[in-house]
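Keep in mind that what you see is a predicted model, and the values were worked out from it rather than measured. Letters A, B, ... mirror the listed sequences (proteins, then strands); counts begin at 1.
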There are 2 protein chains.
Amino acid sequence: MLHVHDLRQEPIQVPTRPRAFEPAARADQTIRLKQDQTIYSEGQKVLAFYQVEAGAIRIYRLMPDGHRHILSFCVKGDWFGLEQGDRRADFAEAVCEARIRPFATTGSSTFTNNLLNIALANLAKAQSRQMAMIEQSALKRVAVFIQEMAERHPGESEFDLMMCRSDVADYLGLTIETVARSFTKLRERRIIRLKGKLQRCVQLLDRDALAALAL
Amino acid sequence: MLHVHDLRQEPIQVPTRPRAFEPAARADQTIRLKQDQTIYSEGQKVLAFYQVEAGAIRIYRLMPDGHRHILSFCVKGDWFGLEQGDRRADFAEAVCEARIRPFATTGSSTFTNNLLNIALANLAKAQSRQMAMIEQSALKRVAVFIQEMAERHPGESEFDLMMCRSDVADYLGLTIETVARSFTKLRERRIIRLKGKLQRCVQLLDRDALAALAL
DNA sequence: CGTCAAATTGATAAGACTCAATGGCAGTGG
DNA sequence: CCACTGCCATTGAGTCTTATCAATTTGACG
């Protein structure tokens, strides 16, 4: 089965004329971010959209009751900040130290065409996540999540999640405890191994078993 | 623990793969659809995208285990069928008798800007749904769903859902039984009243209480 | 050593799923 | 006209998963 997630790992293809970004993409315009630094907040005016160069970004919303829900994690190559309307509907923060490159929202029509592709890619991603969220099983959600993250490190059997359990929980719609328990189950089944003082480094031991869990 | 995610009494219209017509060159001409008629299927080439003129359309995907998940319901004024790539990633079917208008995807560049807006609108909708799906409570999901449907009939306190419980269940990631129980709770609390032989007509009795449930 | 933060583990209860049965309505055929 | 059947929605009983509340572990740092 083809996974729509596939389009996330590669820098989202902007098939026609990548040069169109040239005007906004001057060298040295890269922005460096510290951990938890805010890029924009809900309600702010939309000034630009961004591509991640390094690190990870979390896009989230706050619900009326104060609950935080993370809509997506963006890593190297991912685009974010392209919104409908001229006001931010969500927050963007650095998960860890990160670098991003801003692009102006105004542009030529060929530019608009590229924006369309980015928007469609984001839409596809959102729909895929919708599918994953529907899955009731916590273990399955976590399995899907790990796969999703693993796809961003092709060829490597070991990678750093970068985000804390709380981030994962808010992303998957679970509690911290349930996330931890799911990780433990995967470890007990020898599907993954966790490393590092905060257990955020994942080593894949049995990709097939993981894929089977994720369905 | 074996999670053989059951093929939930796979609803009705499975084996039916009615002829998908080729909208082809004859764009901008209204198409009339019968109930459950297929507009396009997964894997087909993208020939057009559509705007709903009347009735309702369900957009869904089939998971490897045969489980159906409905990504969205589209009613009058909604756009659908705008995808990334040139192949369909999902299915589109008429929920009931419906009318849609096709548009060629090879539009001029003046069109592109509008396409972007449509894509962004769909993206925003998908993200909103992601938020709603995270909500654990079945009652809350159903409340959000009814609100969502009510918003499409502004000024009216009564409207027809058009889709069956099975559709609602696949949309909300619940079982038919849980959907029915939630409807019953809303009825018992005098928040809605259900009408019609199939109880698919909703009358809003207490909008505030509904909004409170939906958070 | 004490403190802190993050993650893990444990016990309990609430909520949703599963299986099973019921009721209402429409169409069909004797 | 009435029994029969199928479809859809609803309800009931039992089981299982996860949220909740609480306690414990681990490593880092002063």
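Residue A/Met133 contributes atom CE, which lies 12 Å from atom P of D/dT18 at whole-angstrom precision. Computed from coordinates, the B/Leu139 CG to C/dC17 C1' distance equals 17 Å when rounded to whole Å. Taking atom NZ of residue A/Lys185 and atom P of nucleotide D/dT18, one finds them 6 Å apart after rounding to whole Å.
Within the 4.5 Å cutoff, the side chain of A/Leu174 has heavy atoms near those of the A/Val142 side chain. The side-chain heavy atoms of A/Ile59 and A/Glu93, taken from C-beta on, include no pair separated by under 4.5 Å.
Listed by chain and residue number, B/Phe73, B/Phe145 satisfy the ring-ring contact (aromatic ring centres under 6.0 Å, His included) test with B/Tyr171 (two or more places apart in sequence, or in another chain).
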Give each protein N/O atom lying under 3.5 Å from an N/O atom of nucleotides 3-10 of chain C, with the pair distance.
from   : atom 1 : to       : atom 2 : distance (Å)
C/dA6  : O3'    : A/Arg200 : NH2    : 3.3
C/dA7  : OP1    : A/Arg165 : N      : 3.4
C/dA7  : OP1    : A/Arg200 : NE     : 3.0
C/dA7  : OP1    : A/Arg200 : NH2    : 3.1
C/dA7  : OP2    : A/Arg165 : N      : 3.3
C/dT8  : OP1    : A/Arg165 : NH2    : 3.4
C/dT8  : OP2    : A/Arg165 : NE     : 2.8
C/dT9  : OP2    : A/Thr184 : OG1    : 2.6
C/dG10 : N7     : A/Arg181 : NH1    : 2.9
C/dG10 : O6     : A/Arg181 : NH2    : 3.1

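Remark: B/Arg68 fails to qualify as a cation-pi partner of B/Phe91 under the 6.0 Å distance and 45° angle criteria applied to the six-membered ring.
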Anything under 3.5 Å between a donor and an acceptor, one on a side chain of residues 198-206 of chain B, the other on a protein residue two or more places apart or in another chain? List them.
from     : atom 1 : to       : atom 2 : distance (Å)
B/Gln203 : OE1    : B/Lys195 : NZ     : 3.1
B/Asp206 : OD1    : B/Asp208 : N      : 3.3
B/Asp206 : OD1    : B/Ala209 : N      : 3.0

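Using cut-offs of 30° and 60° for the angle between ring planes, the A/Phe103 and A/Trp79 rings count as tilted.
Between A/Thr175 and D/dA19 there is a side-chain N or O to OP1 or OP2 distance below 4.0 Å.
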